[in-house]
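What follows is a single structure, written as structure tokens, with notes after it.
Side-chain atoms are counted along with the backbone in the values below, which use heavy atoms only and exclude waters and symmetry mates.
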There are 2 protein chains.
Amino acid sequence: MRMSKGVEWALHTLLNLHMAGGGPVGNGQLAAMHGLSATYLNKQLQLLVKAELLTSIPGAHGGFRLARGLERITLLDVVQAIEGDVRLFHCAEIRCCGRAGEIEPQPTEACPVKAAMVRAEDAWRQALAAQTLAEIQAELDRRPAIARAVHTALN
Amino acid sequence: MRMSKGVEWALHTLLNLHMAGGGPVGNGQLAAMHGLSATYLNKQLQLLVKAELLTSIPGAHGGFRLARGLERITLLDVVQAIEGDVRLFHCAEIRCCGRAGEIEPQPTEACPVKAAMVRAEDAWRQALAAQTLAEIQAELDRRPAIARAVHTALN
DNA sequence: GGCTTACTACTCGGATACTGCTTGTCCGAGTTCAGGGGG
DNA sequence: CCCCCTGAACTCGGACAAGCAGTATCCGAGTAGTAAGCC
């Protein structure tokens with residue numbers, strides 16, 4: 001039960017794209033920014049494109065660009081784009097198998113175990129959806145020197 | 001990012017042990033209850049023993065027994081026992097690698113990305129810790145016939 | 001000199017191997033119970 | 001009749017394979033810029 005490291009890569013890369021200023025930035029530069037594998041980062045960025053968080057510009061001087069402002073991108077958007085299905089607990093309905101299935105073959109009500117786990121996961125998802133990348137960027141902006149350095153490094 | 005199915009197995013088995021009445025129940029019977037692989041279920045139950053949620057009685061007529069009442073077992077206890085480390089997001093501190101590392105080699109403050117993800121996970125863990133198995137059992141007790149059937153099946 | 005055209009370099013995008021964890025299985029150590037033999 | 005001993009059956013416990021998702025990599029398709037050639 002470990003989240004893919006692609007999520008961390010995607011989050012930092014989205015922030016870097018914002019600090020870059022809006023112009024398209026190539027995959028190679030974005031990877032070099034954090035010493036990542038360029039080809040694998042590309043895979044993650046393609047997922048972000050598919051989720052319509054990024055737009056890709058092919059050809060020379062192409063690259064990736066934010067599809068919308070950071071204030072319109074939540075943590076849940078990023079996690080969902082990279083991980084796909086964000087459900088942690090998958091109920092296999094084992095309560096209807098084996099001897100328990102003989103007792104109650106057709107589940108008349110929802111599984112209480114599943115319901116409890118879903119409640120907890122909803123709290124997680126709501127917390128993810130409540131935080132936008134703009135808020136994280138605001139934290140980074142408390143040290144403007146870094147933001148400026150990133151900007152020059154990517155331009 | 002999928003939770004081990006051992007969590008579902010453990011939750012249902014703990015509830016079954018409660019309905020069994022307190023006497024030790026063998027691993028084979030517990031597995032047959034839901035048509036599970038007995039040997040693999042045993043692996044999960046050993047984790048619960050190590051977490052002190054269950055006690056094991058060796059020898060003939062032995063088995064597993066709840067170490068404490070359901071009202072003192074939370075969902076977080078079970079998830080933590082099976083999954084071990086319950087942190088979903090592992091920050092690799094990539095902000096200090098590559099060219100970004102040249103800008104800020106020594107992180108003076110906590111990583112805002114990590115902090116945001118941890119906040120969301122804390123909401124999840126709190127929601128897990130807030131729900132006990134006794135509350136789930138209360139839902140099941142709304143149909144006493146099933147609880148009785150499980151009791152007789154395990155005795 | 002200006003326009004067309006072919007070439008090159010660079011980009012994204014999907015198809016292809018490798019690794020580690022989850023899942024599943026097996027066999028051994030230990031304990032309890034039952035039955036038989038002896039006192 | 002009671003006690004002891006031996007055996008067997010059953011249990012847990014850890015060590016040993018198979019499958020699959022995550023990880024990493026490579027190569028092809030496409031586009032923009034550039035430079036040369038032609039009008």
To the closest 0.5 Å, what do you measure between OG1 (Thr13(B)) and CE (Met33(B))?
10.0 Å

Atom CG of Leu88(A) and atom P of dT22(C) are separated, to the nearest Å, by 14 Å

Most 5' of Pro58(A) and Met1(A) on DNA chain C, judged by nearest nucleotide:
Pro58(A)

Any side-chain N or O of Ser56(B) under 4.0 Å from OP1/OP2 of dT11(D)?
no

Heavy-atom closest pair, residues Leu128(B) and Thr74(B):
O-CB, 4.0 Å

Integer-rounded Å distance: dG22(D) P and Arg2(B) CZ
8 Å

Between P on dG20(C) and CE on Met3(A), what's the gap in Å once rounded to a whole number?
22 Å

Which is it for Asp85(B) and His90(B) under the side-chain contact (heavy atoms from CB on, under 4.5 Å) test, yes or no, and what are the steps along the way?
CA-CA 11 Å; Asp85(B) 193 353; His90(B) 284 248; 3.9 Å; yes

From CG of Leu45(A) over to C1' of dT11(C), roughly how many Å is that when rounded to an integer?
13 Å

Looking at Glu104(A) and Arg143(B), does any basic side-chain N land under 4.0 Å from a carboxylate oxygen?
yes

Picking from dA24(D), dT23(C), dG13(C), the nucleotide nearest the side-chain atoms of Val49(A) would be dG13(C)

Hey, what's the ring geometry for Trp124(B) with Trp124(A), parallel, tilted or perpendicular (30° and 60° as the breaks)?
tilted

Pairwise distance CD(Gln131(A)) to CG(Leu76(A)) - rounded to 0.5 angstrom
11.0 Å

Between Glu121(A) and Arg119(A), is there a salt bridge with N-O shorter than 4.0 Å?
no

To the nearest 10 degrees, the angle between the two end axes of the helix from dG1(C)-dC39(D) to dG39(C)-dC1(D) (five pairs per end) comes to 0°

Return the residues of residues 15-41 of chain B meeting this criterion: a heavy atom under 4.0 Å from some atom of DNA chain C. Order them by number, or give none.
Ser37(B), Thr39(B), Tyr40(B)

Heavy-atom nearest nucleotide on DNA chain C for Gly6(B) versus Ile57(B): which residue maps closer to 5'?
Gly6(B)

Roughly how far apart are Gln46(A) CD and Leu41(A) CG, rounded to 0.5 Å?
10.0 Å

Less than 4.5 Å apart, any side-chain heavy atom of His18(A) and any of Leu133(A)?
no

Over how many whole Å does the gap from Lys5(B) atom NZ to dC21(C) atom P extend?
19 Å

Should Glu52(A) and Lys50(A) count as side-chain neighbours, where that means a heavy-atom distance under 4.5 Å?
no

The test is side-chain contact (heavy atoms from CB on, under 4.5 Å); show your working for Leu75(A) and Leu11(A) and say whether it passes.
CA-CA 8 Å; Leu75(A) 291 180; Leu11(A) 288 169; 3.7 Å; yes

Should Gln46(A) be listed as having a side-chain N or O under 4.0 Å from OP1 or OP2 of dG14(C)?
yes

Phosphate-side-chain proximity, Lys43(B) and dT25(C), N/O vs OP1/OP2 below 4.0 Å
no

Starting at atom CG of Leu48(B), determine the distance to atom P of dG13(D), rounded to an integer number of angstrom.
11 Å

Spacing between Glu83(B) atom CD and dC21(C) atom P, to the nearest angstrom:
13 Å

Taking all non-hydrogen atoms of both residues, which atom of Asn27(A) and which atom of Ala38(A) are closest, and how far apart?
ND2-O, 2.9 Å

Euclidean distance, atom CG of residue Asn42(B) to atom P of dC27(C) [Å, nearest integer]
15 Å

Which residues in residues 59-69 of chain A have at least one heavy atom lying under 4.0 Å from any atom of DNA chain D?
Gly59(A), Ala60(A)

